[in-house]
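Only one structure is covered here, and it is reproduced in the block below.
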Amino acid sequence: MSILGIGVDVVHVPRIVALLSRYPQRLPSRILSSSEAANSHLLTDPAFIAVRWAVKEAAYKALYPLHRPTWKELTYHGLTNGHKPVLLYHPRFIDHTDVGDIHVSVSHDGDYVFASVLAESKRQ
């Protein structure tokens, strides 16, 4: 397998706080996949939104220009029960058979969230 792309992103959490105060329902509904939005108790949590924003921006950078994922085509599941974070890509219209594993790492430090994504290609 070869590397398809690498992407990184940094989000300033107070920016997300401001966006959530202006668009409390619209922001989560625009950027979260249906399974992420199922965590209804977290939809107003700025850290929850900031992590998904950073991860999805980093993923877009890793997959572009071969793929242009939308917010809802990417689903991030953080650390749960000792399992590594997972980023899933489910495009609606594009054949993505060349996308292999997608690796994600997220770090928090004060008011900042940093995400890095490495996308592998299935092609040799």
Side-chain angles (χ1 to χ4, degrees):
M1 309 225 185
S2 62
I3 295 175
L4 185 63
I6 299 171
V8 299
D9 197 62
V10 175
V11 171
H12 191 223
V13 177
R15 177 175 168 233
I16 301 300
V17 170
L19 286 171
L20 279 171
S21 69
R22 287 175 49 199
Y23 311 107
Q25 293 155 348
R26 189 171 147 201
L27 177 65
S29 70
R30 289 188 96 184
I31 71 164
L32 299 178
S33 68
S34 57
S35 66
E36 291 168 326
N39 293 312
S40 59
H41 64 287
L42 296 172
L43 298 182
T44 58
D45 180 1
F48 180 81
I49 302 296
V51 165
R52 274 126 194 99
W53 184 296
V55 166
K56 292 177 183 201
E57 284 286 330
Y60 185 89
K61 294 170 186 174
L63 294 169
Y64 184 85
L66 296 175
H67 301 277
R68 294 184 176 141
T70 65
W71 293 104
K72 293 181 184 241
E73 291 174 335
L74 296 163
T75 300
Y76 174 74
H77 298 287
L79 283 170
T80 52
N81 301 327
H83 297 287
K84 285 177 62 172
V86 175
L87 179 61
L88 304 172
Y89 176 39
H90 297 289
R92 288 180 286 190
F93 305 111
I94 300 172
D95 178 23
H96 74 296
T97 56
D98 64 327
V99 178
D101 292 332
I102 300 176
H103 306 277
V104 61
S105 177
V106 177
S107 294
H108 307 257
D109 189 7
D111 285 344
Y112 294 92
V113 173
F114 177 83
S116 60
V117 171
L118 183 143
E120 292 182 10
S121 173
K122 285 185 181 176
R123 290 182 267 142
Q124 297 277 341

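When a residue number appears, it is its place in the shown sequence, counting from 1. Because the structure is a prediction, the values reported are computed rather than measured.
- Listed here is the closest heavy atom pair of A58 and A115: CB-O, 3.8 Å.
- Scanning both residues, R30 and K72, for their nearest heavy atoms gives O-CE, 3.8 Å.
- In this structure, the side chain of E36 engages the main chain of S33 through a donor-acceptor pair within 3.5 Å.
- L20 is connected to Y23 through a chain of hydrophobic side-chain contacts under 4.5 Å among Ile, Leu, Val, Met, Phe, Trp and Tyr, so both are in one cluster.
- More than 12 non-hydrogen atoms from other residues, nucleotides or ligands lie less than 6.0 angstrom from CG of L88.
- Across every non-hydrogen atom of V104 and Y76, the tightest pair is CG1-CE1, 3.8 Å.
- Hydrophobic clustering, with ILVMFWY side chains joined whenever heavy atoms are under 4.5 angstrom apart, groups V106 together with L63.
- Note on ring orientation: taking the six-membered ring where Trp is involved, the planes of W53 and W71 are tilted (angle from 30° to 60°).
- Using a distance-only test at 3.5 Å, with no hydrogens or angles considered, a donor-acceptor pair links the side chain of K56 to the main chain of I31.
- Inter-residue side-chain proximity for H67 and Y89 is flagged as met; some heavy-atom pair is nearer than 4.5 Å.
- For V99 against K122, the heavy-atom pair with the smallest separation is O-CE, 3.3 Å.
- Panel note: side chain E73, backbone R92; a donor-acceptor pair is recorded below 3.5 Å.
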